[in-house]
**Q** 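Sending over a structure as structure tokens; questions will come in a sec.
Model, not experiment: these values are computed from the prediction. Numbering starts at 1 and runs along the sequence shown.
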Amino acid sequence: MNKNKKGAILPLVWLLFLALTFIFSALLHSTGALLSRVTHFESRLQVQYNAESAILLKLYHVRFSNSKNSFPNVLTDTLGPWLVLKTQAGEREVFAYAGFYTSKNNPPFSHQDLLQAESRCLLYYQERWQSESYKDTLYGNTYFYNPKKDDFLGTFYVALGDLKIDLQKNRFSKIAFYVEGNVLIEGEGIIDSLHLFSTGSISLSGLIKINEASLYARGTIEISDPVEARGVFLSEDTVLVSEKTFGIPFWSNAARTIESQDSLFLPIDLANQNPLRIFSWAIK
């Protein structure tokens, strides 16, 4: 009787053994694949960390040795009023944007310094637009109603006419125009990058969010609530902006008239020997 029971149990034990062997083999295989991915992401994270560390060390003028960590070289340039720091992180590029963060009501610079900084930025954007290459030239008054992403692939020139864009809840990575006339953008939508040069005036209104902007107008620039905007807004005339509309960084000819904010990011020209601060990071 006992021998029969042992004979019946033996196949069950072998079946259980084979099942456990298969399960453990599968776990070992999946763990090995997972470990290789973990190693990949660990290396990628280390490269990213080294790139960001190199930028911070460069910004604060700290000398470092490559004996323990391999820090990439950092290149610096200006983008209007801001300092741009760029370095490699493997196949990607890491960007940091810095400005001079200080009290507006008790600034460590003179009014003349501020005017010189404004003049340099005005000249910077004038020269930038003059050297711009345009994808197409549009003649006369131009109107985009409910535009699609493919409508704005490139920088466009509007000759002898106004530009009107009516957004309808879409999101755009970039909108860029040189307009020999006035510009009106209204409606609802998100614009990651907005670049406008107008020989007339620029008006923004509606439920619009602008993550990064550089606007230049020979006439007035008016940004109405509830527009949310961050970037540079320069006018040869006047900048009219609601105190609720701007984010960090926001700099314009009207920056010194915004009373609700004591501290602002200002052009790097005004820093003198004072340290700069990073207000935005990007990976491309």
Side-chain angles (χ1 to χ4, degrees), residues 79-82 118-242 244-247 250-255 257:
L79 180 62
W82 317 124
E118 290 181 354
S119 297
R120 184 193 70 82
C121 289
L122 288 169
L123 181 60
Y124 170 87
Y125 285 107
Q126 287 174 353
E127 294 177 344
R128 177 182 175 184
W129 280 103
Q130 288 172 359
S131 62
E132 182 72 61
S133 58
Y134 301 100
K135 180 179 179 180
D136 197 5
T137 299
L138 310 174
Y139 295 93
N141 294 336
T142 303
Y143 180 36
F144 290 90
Y145 175 78
N146 192 18
K148 307 304 179 184
K149 296 180 181 179
D150 294 343
D151 293 335
F152 301 130
L153 298 179
T155 303
F156 295 88
Y157 190 108
V158 178
L160 302 175
D162 298 335
L163 170 67
K164 181 179 180 182
I165 300 176
D166 193 342
L167 303 178
Q168 298 292 319
K169 300 183 180 180
N170 290 326
R171 180 165 188 163
F172 301 90
S173 59
K174 183 178 180 179
I175 296 178
F177 281 89
Y178 184 110
V179 182
E180 291 184 343
N182 301 318
V183 178
L184 171 62
I185 299 179
E186 58 185 2
E188 180 178 351
I190 298 175
I191 306 173
D192 292 324
S193 180
L194 177 64
H195 301 274
L196 298 174
F197 188 106
S198 170
T199 61
S201 63
I202 297 176
S203 177
L204 307 177
S205 64
L207 196 60
I208 302 173
K209 182 177 181 180
I210 305 168
N211 294 321
E212 183 272 321
S214 61
L215 271 59
Y216 186 110
R218 291 177 182 163
T220 60
I221 294 178
E222 183 174 2
I223 308 172
S224 305
D225 190 33
V227 174
E228 296 180 28
R230 59 196 297 265
V232 181
F233 302 81
L234 299 176
S235 167
E236 295 181 14
D237 190 337
T238 307
V239 178
L240 305 173
V241 56
S242 167
K244 298 179 181 179
T245 63
F246 61 89
F250 185 100
W251 187 70
S252 75
N253 308 67
T257 67

**Q** With a 4.5 Å heavy-atom cut-off, do N182 and S203 have their side chains touching?
**A**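 Not touching, per the 4.5 Å side-chain cut-off.
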**Q** Verify the distance criterion only: is there a donor paired with an acceptor across the side chains of D225 and T245 at less than 3.5 Å?
**A**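 Per modelled atom types, D225 and T245 side chains form no pair under 3.5 Å.
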**Q** Is there side-chain contact between W129 and Y134, with at least one heavy-atom pair below 4.5 Å?
**A**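 Side chain of W129 against side chain of Y134, heavy atoms only: contact under 4.5 Å found.
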**Q** Is the backbone N or O of G140 less than 3.5 Å from a side-chain atom of T142, with the two atoms forming a donor-acceptor pair by type?
**A**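 Indeed, once roles are kept as given, a pair shorter than 3.5 Å links the two residues.
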**Q** With no hydrogens and no angle check, is any side-chain donor or acceptor of S193 less than 3.5 Å from a backbone partner on S173?
**A**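 No: the side chain of S193 does not pair with the backbone of S173.
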**Q** Judged by modelled atom types alone, do Q168 and D166 share a side-chain donor-acceptor pair under 3.5 Å?
**A**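 D166 and Q168 do have a side-chain donor-acceptor pair below 3.5 Å.
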**Q** Passes side-chain contact (heavy atoms from CB on, under 4.5 Å), F144 versus L163? Steps please.
**A** CA-CA 8 Å; F144 290 90; L163 170 67; 3.9 Å; yes
**Q** Could you walk me through whether Y178 and T199 satisfy the side-chain contact (heavy atoms from CB on, under 4.5 Å) test, starting with their C-alpha distance in whole Å, then the side-chain angles of each, then the deciding distance to 0.1 Å, before giving a yes or no?
**A** CA-CA 8 Å; Y178 184 110; T199 61; 4.3 Å; yes
**Q** How many angstroms lie between atom CD of E222 and atom CG of L204, to the nearest 0.5 angstrom?
**A** 9.5 Å
**Q** Between P147 and L167, what is the shortest heavy-atom contact and its length?
**A**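 The answer is CG-CD2, 4.1 Å.
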**Q** Who pairs with L207 by side-chain contact (heavy atoms from CB on, under 4.5 Å), at least two apart in sequence or on another chain?
**A**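 Residues passing side-chain contact (heavy atoms from CB on, under 4.5 Å) with L207: E188, P226.
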**Q** At their closest point, which heavy atom of S214 faces which heavy atom of R128, and how far apart are they?
**A**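 In this case the closest contact between S214 and R128 is OG-NH1, 4.0 Å.
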**Q** Answer yes or no: is there a side-chain heavy-atom contact under 4.5 Å between Y125 and L234?
**A**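 Yes - at least one pair of side-chain heavy atoms lies under 4.5 Å apart.
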**Q** Once you round to the nearest 0.5 Å, how far does OG of S198 lie from CG of D162?
**A** 8.0 Å
**Q** Hey, are the side chains of Y124 and L79 touching, using non-hydrogen atoms and a 4.5 Å cut-off?
**A** yes
**Q** Given the rule in the side-chain contact (heavy atoms from CB on, under 4.5 Å) test, do Y216 and L122 qualify, once you have shown the distances and angles that lead to the verdict?
**A** CA-CA 8 Å; Y216 186 110; L122 288 169; 3.4 Å; yes
**Q** Nearest 0.5 Å, what's the OG-CD1 distance between S205 and I185?
**A**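 Between S205 OG and I185 CD1, I get 9.5 Å after rounding to 0.5 Å.
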**Q** Out of curiosity, L196 CG to I202 CD1, how far, rounded to the nearest 0.5 Å?
**A** 5.0 Å
**Q** Quick one: CD on Q126 to CZ on R218, what's the gap to the nearest 0.5 Å?
**A**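 Atom-to-atom, Q126:CD and R218:CZ are 7.0 Å apart.
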**Q** If you compare all heavy atoms of C121 against all heavy atoms of G80, which two are closest, and at what distance to 0.1 Å?
**A**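 It is SG-C, 3.9 Å.
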**Q** With heavy-atom distances below 4.5 Å as the criterion, would you say the side chains of S252 and I221 are in contact?
**A** no
**Q** Please round to the nearest 0.5 Å and tell me the distance separating atom NZ of K209 and atom CG of D192.
**A**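 Reported to 0.5 Å precision, the distance equals 9.0 Å.
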**Q** Can you establish whether the number of heavy atoms outside Y139 located under 6.0 Å from its atom OH is more than 12?
**A**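 No, the 6.0 Å shell around OH holds no more than 12 heavy atoms from other groups.
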**Q** Considering the options F250, F246, W251, which one meets the ring-ring contact (aromatic ring centres under 6.0 Å, His included) requirement together with F233?
**A**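 The option that passes is F250.
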**Q** May I ask you to test the N170-N146 pair for a side-chain heavy-atom distance under 4.5 Å?
**A** yes
**Q** Distance-only criterion, 3.5 Å: show the donor-acceptor pairs between side-chain atoms of residues 151-158 and protein atoms not counting sequence neighbours.
**A**
| from | atom 1 | to | atom 2 | distance (Å) |
| --- | --- | --- | --- | --- |
| D151 | OD2 | K148 | N | 2.8 |
| Y157 | OH | E180 | OE2 | 2.4 |

